[in-house]
There are 2 protein chains.
Amino acid sequence: MDDMVRRCRDAGMNVTPQRLAVYRTLLESEEHPSPEMLYRQVRESMPSLSLATIYKALEALERLGLVHEVNVISDTKRYDANTDNHHHLVCTMCGNVADYYSDELDALVPRRRVRGFVPRSVTVNITGVCASCQQAGDH
Amino acid sequence: MDDMVRRCRDAGMNVTPQRLAVYRTLLESEEHPSPEMLYRQVRESMPSLSLATIYKALEALERLGLVHEVNVISDTKRYDANTDNHHHLVCTMCGNVADYYSDELDALVPRRRVRGFVPRSVTVNITGVCASCQQAGDH
DNA sequence: ATATATGCAAAGCTTTTGCTGAAGA
DNA sequence: TCTTCAGCAAAAGCTTTGCATATAT
């Protein structure tokens, strides 16, 4: 959180309660929430918050590099405040997104040019069925 | 294309000129088009085509496993008729998506359970800046 | 005091849906 | 003939935008 305050100031951006709340919620969340999910959650402690502000705050946090879009196939975008190098296990039944760490995978990802393309970041999305949805599938 | 006809029939689905045109266009395309891009392209030879039909055709083709959504961070979905195992280089400046093959990467991708999660398919998205956007950046 | 951000409502897109007439098997 | 599908238009999301007010610095 201190990091956020510093980065905002450095970028000439205001540190507002709304941005703090959005960022804190994202930091504490494990569920890679969508803007709508964040809206519902942050509103509990800040009822005047508007959905447009969530979108603008996410855009600001992303500009600062504090937050990333999670590259999931779903109708809405999902966000993650974990900026460590990590990947995602995406359940096609319930939509849950779990983190997945793999040093070997990270090591294989190209760090230099591929046919003129300069890689910046890599995400591996593994789709499948999570443990609880499989249990639900067994009758 | 023959494969498509067979699979449609097996699934009790009609083989319509619209579906054929959408599938052929996707097969011949290198640009991982969005529904809108397909719409513009297929309409050139089939002016009566509607956008809703594109969506329905893509859904049908996906159900048959002939087409996949490309998991790109962008405002609209992108589609791919290349069902070989491959990954994507996504340019964050122009939105272009190029294919990327890597046997080593494929080999590291989990094929068995990870903490109860059963993997089904894997996509590696490498974001960065493509060759032509870098040139455009140099003044 | 000044620049920046919020909240609201409206607009803009993308995607889905219901229905009727048309076409495939 | 009977089922499935295309086209249309309307609806339903999701996301962005403009503007007036409020807030951060």
Side-chain angles (χ1 to χ4, degrees), chain A residues 1-2 4-23 25 32-40 42-64 66-67 69-79 95, chain B residues 1-2 4-25 32-64 66-67 69-79 95:
Chain A
M1 294 297 292
D2 297 340
M4 170 181 165
V5 175
R6 207 175 314 114
R7 290 214 212 178
C8 277
R9 299 253 158 85
D10 289 354
M13 286 164 49
N14 292 353
V15 179
T16 64
Q18 289 85 346
R19 287 177 179 169
L20 285 167
V22 168
Y23 185 50
T25 303
H32 306 78
S34 65
E36 187 68 36
M37 290 159 86
L38 279 167
Y39 181 53
R40 282 199 297 273
V42 180
R43 240 157 97 92
E44 286 175 13
S45 56
M46 191 183 277
S48 66
L49 185 82
S50 84
L51 185 54
T53 298
I54 297 275
Y55 278 96
K56 290 168 184 167
L58 288 169
E59 190 188 306
L61 292 169
E62 189 156 31
R63 209 161 46 232
L64 296 177
L66 292 166
V67 150
E69 277 185 16
V70 175
N71 197 359
V72 171
I73 290 177
S74 75
D75 289 340
T76 67
K77 296 176 178 172
R78 300 287 208 97
Y79 289 85
Chain B
M1 293 299 292
D2 298 339
M4 169 180 166
V5 175
R6 209 175 313 114
R7 290 213 211 178
C8 276
R9 298 254 157 83
D10 290 353
M13 285 165 47
N14 291 354
V15 178
T16 65
Q18 289 85 347
R19 286 177 180 169
L20 286 167
V22 169
Y23 185 50
R24 176 178 293 115
T25 303
H32 307 77
S34 65
E36 186 69 35
M37 289 158 86
L38 280 167
Y39 181 54
R40 282 200 295 273
Q41 196 158 347
V42 180
R43 241 158 96 92
E44 286 175 13
S45 58
M46 190 181 279
S48 66
L49 185 81
S50 84
L51 185 53
T53 298
I54 297 274
Y55 278 96
K56 289 169 184 167
L58 287 170
E59 189 189 307
L61 292 170
E62 188 155 31
R63 209 161 47 231
L64 295 176
L66 293 167
V67 149
E69 278 185 16
V70 176
N71 197 1
V72 172
I73 290 177
S74 76
D75 289 340
T76 66
K77 295 176 179 171
R78 300 287 210 95
Y79 289 86

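Heavy atoms only: backbone and side chains are in, while hydrogens, waters and symmetry mates are out. In the text below, chain A, chain B and the rest are named by the order of the sequence lines, each starting its count at 1.
Separating the CD1 atom of Ile54(A) from the P atom of dT16(D) is a distance of 13 Å, rounded to the nearest angstrom. Here the P atom of nucleotide dT15(C) and the CD atom of Glu59(B) are 13 Å apart, to the nearest Å. Going from atom CZ of Arg78(A) over to atom C1' of dT15(D) covers 17 Å, rounded to whole Å. Following rounding to the nearest Å, Leu20(A) (CG) and dA5(C) (C1') show an atom-to-atom distance of 13 Å. What separates CG of Leu58(B) from C1' of dT17(C) is a distance of 17 Å, to the nearest Å. The interatomic distance linking Arg63(A) (CZ) with dA5(C) (C1') rounds to 11 Å, in whole Å. Put simply, CD on Glu69(A) is 13 Å from C1' on dC14(D), counting in whole angstrom units. The OH-P distance, from Tyr55(B) to dA6(D), rounds to 16 Å in whole Å.
The terminal axes of the helix from dA1(C)-dT25(D) to dA25(C)-dT1(D), fitted over 5 pairs per end, subtend an angle of 40° to the nearest 10°.
For the side-chain contact (heavy atoms from CB on, under 4.5 Å) test, residues two or more places apart in sequence or in another chain that qualify with Glu69(B) are Ile73(A), Glu62(B), Lys77(B), Tyr79(B). Judged as a side-chain contact (heavy atoms from CB on, under 4.5 Å), and not counting sequence neighbours, the contacts of Tyr39(B) are Glu36(B), Arg43(B), Leu49(B), Leu51(B), Ile54(B). Evaluation of the side-chain contact (heavy atoms from CB on, under 4.5 Å) rule for Ala52(B) yields Ser50(B) as partners, not counting sequence neighbours.
When heavy atoms are screened at a 4.0 angstrom cut-off, Thr76(A) is found touching the sugar-phosphate backbone but no base atom.
Arg78(A) places no side-chain N or O within 3.5 Å of a backbone atom of Val70(A) that could act as its donor or acceptor partner. Arg19(B) places a side-chain N or O within donor-acceptor distance of the main-chain N or O of Asn14(B), the cut-off being under 3.5 Å.
DNA chain D is contacted by both Val15(A) and Asp75(B); Asp75(B) maps to the nucleotide lying nearer its 5′ end (nearest heavy atom per residue).
With a 4.5 Å cut-off on side-chain heavy atoms, Pro17(B) and Met46(B) count as touching. At least one side-chain heavy atom of Arg7(A) sits under 4.5 Å from a side-chain heavy atom of Leu66(A). Under the 4.5 Å side-chain criterion, counting only non-hydrogen atoms from C-beta, Leu38(B) is in contact with Leu58(B). Met37(B) is not listed as a side-chain neighbour of Thr76(B), based on a closest heavy-atom distance of 4.5 Å or more. Put simply, the side chain of Lys56(B) does not reach to within 4.5 Å of the side chain of Gln18(B), judged on heavy atoms.
Residues from residues 36-51 of chain B placing a heavy atom under 4.0 Å of any atom in DNA chain C, listed by number, are Leu51(B).
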Look for any protein N or O under 3.5 Å of an N or O in nucleotides 18-23 of chain D and output each such pair with its distance, or none.
from, atom 1, to, atom 2, distance (Å)
dG18(D), O6, Lys56(A), NZ, 3.1

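From Cys8(B), atom SG reaches atom CG of Leu61(B) across 7.0 Å, with rounding to the nearest 0.5 Å.
The phosphate of dA23(C) has neither OP1 nor OP2 within less than 4.0 Å of any side-chain N or O from Gln18(B).
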